[in-house]
There are 2 protein chains.
Amino acid sequence: MNLKELSQILGISQTTVSRALNGYPEVSEKTRALVNAAATQYNYQPNTKARGLATGKSKMIGYVLPKASQNEMPNPVFGDFIAGAAQTYGKQGYDTTITLTENDKQAETYRNLHAKRSVDGVIMQAPKENDERISILKKLGLPFVVHGRSTGSNDYHFVDVNNTHAFARATNFLLDLGHRRVALINGDENLDFAIRRRHGYLQALEDRGLEIDTGIMFSSEMTEEFGYRTMTKLLTMQSRPTAAVLSSYIMAIGARRALGENGLRIGKDFSIVIHDDALSYLPNGSTHPVFTATRSSVGEAGRLCAEILLDIIQNPEQKPRQIILEAELVVGSSTGPAPKHD
Amino acid sequence: MNLKELSQILGISQTTVSRALNGYPEVSEKTRALVNAAATQYNYQPNTKARGLATGKSKMIGYVLPKASQNEMPNPVFGDFIAGAAQTYGKQGYDTTITLTENDKQAETYRNLHAKRSVDGVIMQAPKENDERISILKKLGLPFVVHGRSTGSNDYHFVDVNNTHAFARATNFLLDLGHRRVALINGDENLDFAIRRRHGYLQALEDRGLEIDTGIMFSSEMTEEFGYRTMTKLLTMQSRPTAAVLSSYIMAIGARRALGENGLRIGKDFSIVIHDDALSYLPNGSTHPVFTATRSSVGEAGRLCAEILLDIIQNPEQKPRQIILEAELVVGSSTGPAPKHD
DNA sequence: AAACACATTCAAAGCGCTTTGGATTTATAT
DNA sequence: ATATAAATCCAAAGCGCTTTGAATGTGTTT
């Protein structure tokens, strides 16, 4: 069913039918009712491509997912992130399109997305320091919101967690409990968020005049496996740490496995604070938290990104909206006072 | 840059430029070279909507994600599933669009997707028994491939794991080790895959003439939390099981946590076999498996779905292609002989 | 009853592409 | 040289919608 057919059935011009359906005022309520009834009856929905061509808008939001060529690891938080956004999009009639691309071809992908006019705006994820994608998107004039931040430029819209503060608090929490050697198990430190987390960690140590030991600072893609291997390594050290801050729940699962295999009790023999993205399938306890954590919902961040993006698509030229979410520190049973002897 | 502008720059008609770019034979190699050079120079990319309108194809594959209204849980395997597919799509110039929808409005969403002509085909996920979506998609004439199966109808394309067989093997593996009370911690048994897994589990027990105890069979959404709670419950039972088969790694993480808290050693005091979707961020061990598992890569399934879908979009009317993947049984350290006394 | 404003409707143009059918040029056969 | 075939190119139509600008109908004012 298309507009022409529908208008013929009704014996009304296409113009009027289109206007009736789109809520324009210059059409009598009587005809509008007639048109609406017919539209529901035949389940008429305007062809998106035709409408897009005519209006110059695509009503599509793009997500470009970098796919590191070596391991093709999709981000485990992506599902939650986009789920938070999708509801907002749906309500305003936008759809979502995702494009996977080689890590080093992201810029090209954005350029093409824009050249093909297939999206009205994009959400950019996992920014690096001085991320070139930002300047490219700005040059293209394609509306975009960054999930995270990129140190280097400053005039763009973003939603980020206060990672520095979160990790400073996490580290301080452990130091307050008497821990003196606290390890860092971080995400890939090419990424801005991980850099900030390390800053927060270092800052807390420095504030107390504690020595920095790069031998107990680790950084990689955040898999269970990496958490396991790193914790295993930590436990074999001469003067081994009594605590660690970890950048993700997934890694903490691996770390816990390593502790278990070594007969160490989490929260007693070894303390852990994690950052918890509040993933739906991985709730950090329902009654009380399993892991002591800095918590910030990635679904919520996704929702905020979506709202800002839709807003700037409709009203461009507004000054950068920059939201920094404070993570809450929730205390679970993965932390305790530093063991007396070690 | 659009076709008109490009053709004016070249001093050639739009027809010829279009044909040159699309590889049609009726254009001299000389002009084709000229056109291609100019296209790259100005980064000309045909407007997707205009092209779609003209060709009647959208070059879009749709994924409809049911969002259970109560908990909004996005599927943790979705990222891997779509990553496997996206490469195939990209190579053939297709893009991916995902639509989140209320669980009970999926049928409507498919109908609308088709009415708006915004996709050339869809991948359907998480089928139930006698899933109404299948008959709707068939009626609409929208090409589709199901990830999983739906008992009830049989004439559609799908890619599924042999869940029955996998869980029969998993259960038998435990029975062979001397376990007599084996629990089942399953996914939501409204879903077809979970029904089949239960069948496999029951079949193995029945084959040995063992009693079925519905008191140690559980089913719910597959979260860490559910795994934890269920295992905790199992451990308080009078005649408690010595082993369990679990439908997901995520749940097993919760189960392991419960075991740890109770001072039980996994693989010694309690044995576990899981189903492992081979998620990229949750590898089941690198050198040797952590959990004994029936393993089948969901990324691979995604890739297969994509290939079939593109094929049937291009050549409709072929007889249903139905792929059943056999899960491999990998032996890890989460299983061992049944404890002597309990 | 004429003149005007306002409400309602419509025909047609245009969005940027593909593709049909025809026109023009060039090569080949008679 | 002429007829025929093949190669190459192009103007214009059409995909299904929105929107402009004009036309028609209705009600109000004088």
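Predicted, not measured: the structure shown is a model, and the values here were computed from it.
End-to-end axis angle of the helix from dA1(C)-dT30(D) to dT30(C)-dA1(D), using five pairs per end and rounding to 10°, comes to 60°.
Under the ring-ring contact (aromatic ring centres under 6.0 Å, His included) criterion, the residue pairs touching residues 103-153 of chain A are F81(A)-H147(A), with sequence neighbours excluded. For residues 33-45 of chain A, the pairs satisfying side-chain hydrogen bond (donor to acceptor under 3.5 Å, both in side chains) are Q45(A)-N112(B), with sequence neighbours left out. For residues 298-307 of chain A, the set of pairs meeting the side-chain hydrogen bond (donor to acceptor under 3.5 Å, both in side chains) definition, not counting sequence neighbours, comprises E300(A)-R303(A), R303(A)-E307(A).
Annotation: side chain of R51(B) is in contact with side chain of N22(B) (closest heavy-atom distance under 4.5 Å). Between K138(B) and S153(B), the closest side-chain pair of non-hydrogen atoms falls below 4.5 Å. With a 4.5 Å cut-off on side-chain heavy atoms, Q87(B) and L100(A) do not count as touching. Proximity of L137(A) to V122(A): side-chain heavy atoms (C-beta onward) are separated by under 4.5 Å at one or more points. Residues I324(A) and F158(A) have side chains in contact (heavy-atom distance under 4.5 Å, counting atoms from C-beta outward). Side-chain contact between P143(A) and L309(A) is present, with at least one heavy-atom pair separated by less than 4.5 Å. Between D95(B) and T97(B) there is no side-chain heavy-atom pair separated by less than 4.5 Å. Counting heavy atoms from C-beta outward, Y94(B) and I313(B) have side chains that approach closer than 4.5 Å.
Contacts between residues 5-14 of chain A and DNA chain D, defined by a heavy-atom separation under 4.0 Å, are made by Q14(A). Taking every heavy atom of residues 35-58 of chain A and every atom of DNA chain C, pairs under 4.0 Å involve L53(A), A54(A), by number. The stretch residues 15-24 of chain B touches DNA chain C through T15(B), S18(B), R19(B), N22(B), Y24(B), each having a heavy atom within less than 4.0 Å of the strand.
Taking the side-chain contact (heavy atoms from CB on, under 4.5 Å) definition, one finds that N47(A) meets it with K49(A), A50(A), R117(B), sequence neighbours left out. Remark: D192(B) pairs with E129(B), R149(B), T151(B), R196(B) by the side-chain contact (heavy atoms from CB on, under 4.5 Å) rule, at least two apart or across chains. With sequence neighbours left out, E29(A) forms a salt bridge (Lys or Arg N to Asp or Glu O under 4.0 Å) with R32(A). A search for side-chain contact (heavy atoms from CB on, under 4.5 Å) contacts involving A306(B) returns A85(B), T88(B), Y89(B), not counting sequence neighbours.
Scanning DNA chain D 5' to 3' for nucleotides with an atom closer than 4.0 angstrom to a non-hydrogen atom of chain B gives a first and last hit of dT8(D) to dG16(D).
Nearest-nucleotide positions on DNA chain D place L3(A) closer to the 5' end than the other of L3(A) and E26(A).
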